[in-house]
**Q** 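Take this structure, written in structure tokens, and hold onto it; I'll ask about it next.
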Amino acid sequence: MKLESLRTAVCDANRRLVEERLVTLTWGNVSGIDREAGLIAIKPSGVDYARLTPGAVVLVDMEGAVVDSDGRPSCDTPTHLELYRRFPQAGGVTHTHSPKATAFAQARREIPCLGTTHADHFTGPVPCTRPLTAEEVANDYELNTGRVIAERFEGDPGLDPATTPGVLVAGHAPFAWGVGVEASVDNAVAMEACAAMALDTAAVTGTPRESASLEAYVLDKHHQRKHGPSAYYGQPGGQHA
């Protein structure tokens, strides 16, 4: 993707966070990567979404050095960079403090997979990381946030960042990623919706229990029909009905 197009996509995706009601004030950011160029485009720190333009989107290299901008990149840039390094399938990363998913992160609990809506996007619960240590917070906090996310996936052979494209950082908030910039926002939207439905289910049944989780064979069927090698959901060319 040419860098101008990438900046425009990242600008549009950040504005979409407001439209999807995933952010309050400036609590969120989206980035995209051009792996061939070795550059990422990311929201400038603290800039209101309504004032964001493609030209204001900051370009940084894979070491985090600004290469084309007068502005300062998001303070979460080291986390985004670490996710791109550790998850080579990621083409976009979205970080929000969306209320329902953040509630699970603050409770330090995964979002359980209770139904087929969740299964359409994630092959099981959305995991939660361990808390960062005092040393990890004091030294390279944002980089270590990315590291504990990667650690959560690398430490569980049942987790695949390609099929579970999101995570909760304990005591913090959600991160999502996707094959492209828009896909990462889609997955953040889906995570917030699944968190909201899980909380509503808990209001009906009490705290969700493992026994209330969706049957594995139904989960697999729903995920595979949308994302598997023989997927039959949607239209040719990627149009969904």
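Atom set for the values below is all heavy atoms of this structure, side chains included, hydrogens, waters and symmetry mates excluded.
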**Q** Is there a side-chain contact between I33 and V181 (heavy atoms, below 4.5 Å)?
**A** no
**Q** Taking all atoms of both residues into account, what is the closest heavy-atom pair of L3 and L39, and its distance?
**A** CD1-CD1, 3.7 Å
**Q** Salt bridge or not for D12 and R7, using N-O below 4.0 Å?
**A** no
**Q** Is the closest side-chain heavy-atom distance between H172 and H95 below 4.5 Å?
**A** yes
**Q** Heavy-atom distance under 4.5 Å between the side chains of P174 and T102, does that happen here?
**A** yes
**Q** What's the shortest heavy-atom distance between N187 and G178, and which atoms?
**A** ND2-CA, 4.0 Å
**Q** Surrounding CZ of R72 (heavy atoms of other residues, nucleotides or ligands, distance under 6.0 Å), is the total greater than 12?
**A** no
**Q** Taking the side chain as C-beta and beyond, is there a heavy-atom pair between P73 and V66 under 4.5 Å?
**A** yes
**Q** Given 3.5 Å as the limit, does a donor-acceptor pair link the side chain of T129 with the main chain of A170, or not?
**A** yes
**Q** Do the non-hydrogen side-chain atoms of F122 and T163 ever get within less than 4.5 Å of each other?
**A** no
**Q** Are the side chains of P125 and I111 in contact, using a 4.5 Å heavy-atom criterion?
**A** no
**Q** Checking side-chain polar atoms at under 3.5 Å, does H80 have a donor or acceptor matched by the opposite partner on S31?
**A** yes
**Q** Hey, are the side chains of L199 and F104 touching, using non-hydrogen atoms and a 4.5 Å cut-off?
**A** yes
**Q** Can you hop from V30 to V18 via hydrophobic side chains spaced under 4.5 Å?
**A** yes
**Q** State whether R147 and E136 are salt-bridged, where the test is any N-O pair (Lys NZ or Arg NE/NH1/NH2 against Asp/Glu carboxylate O) under 4.0 Å.
**A** no
**Q** Answer yes when D186 and R16 have at least one side-chain N-carboxylate O distance shorter than 4.0 Å, and no when they do not.
**A** yes
**Q** Assert yes or no for the condition that the ring centre distance of W27 to Y49 is strictly below 6.0 Å.
**A** no
**Q** Counting only heavy atoms not in E4, do more than 12 fall under 6.0 Å of its CD?
**A** no
**Q** CG/L59 to CD1/I40 distance, rounded to the nearest 0.5 angstrom?
**A** 9.0 Å
**Q** Check for a donor-acceptor pair, side chain of W177 on one end and backbone N or O of F87 on the other, with a separation under 3.5 Å.
**A** no
**Q** With rounding to the nearest 0.5 Å, note down the distance linking CE in M197 to OG1 in T117.
**A** 4.5 Å
**Q** Does any pair with a residue in residues 85-94 pass side-chain hydrogen bond (donor to acceptor under 3.5 Å, both in side chains), and if so which ones, sequence neighbours excluded?
**A** E82-R85, E82-R86, R86-E154, T94-S184
**Q** Between the main-chain N or O of L159 and the side-chain N or O of R152, is there a donor-acceptor pair closer than 3.5 Å?
**A** no
**Q** If we ignore hydrogens and angles and just use 3.5 Å, is the side chain of T123 paired with the main-chain N or O of A119 as donor and acceptor?
**A** no
**Q** Answer yes or no: is there a side-chain heavy-atom contact under 4.5 Å between L168 and P127?
**A** no
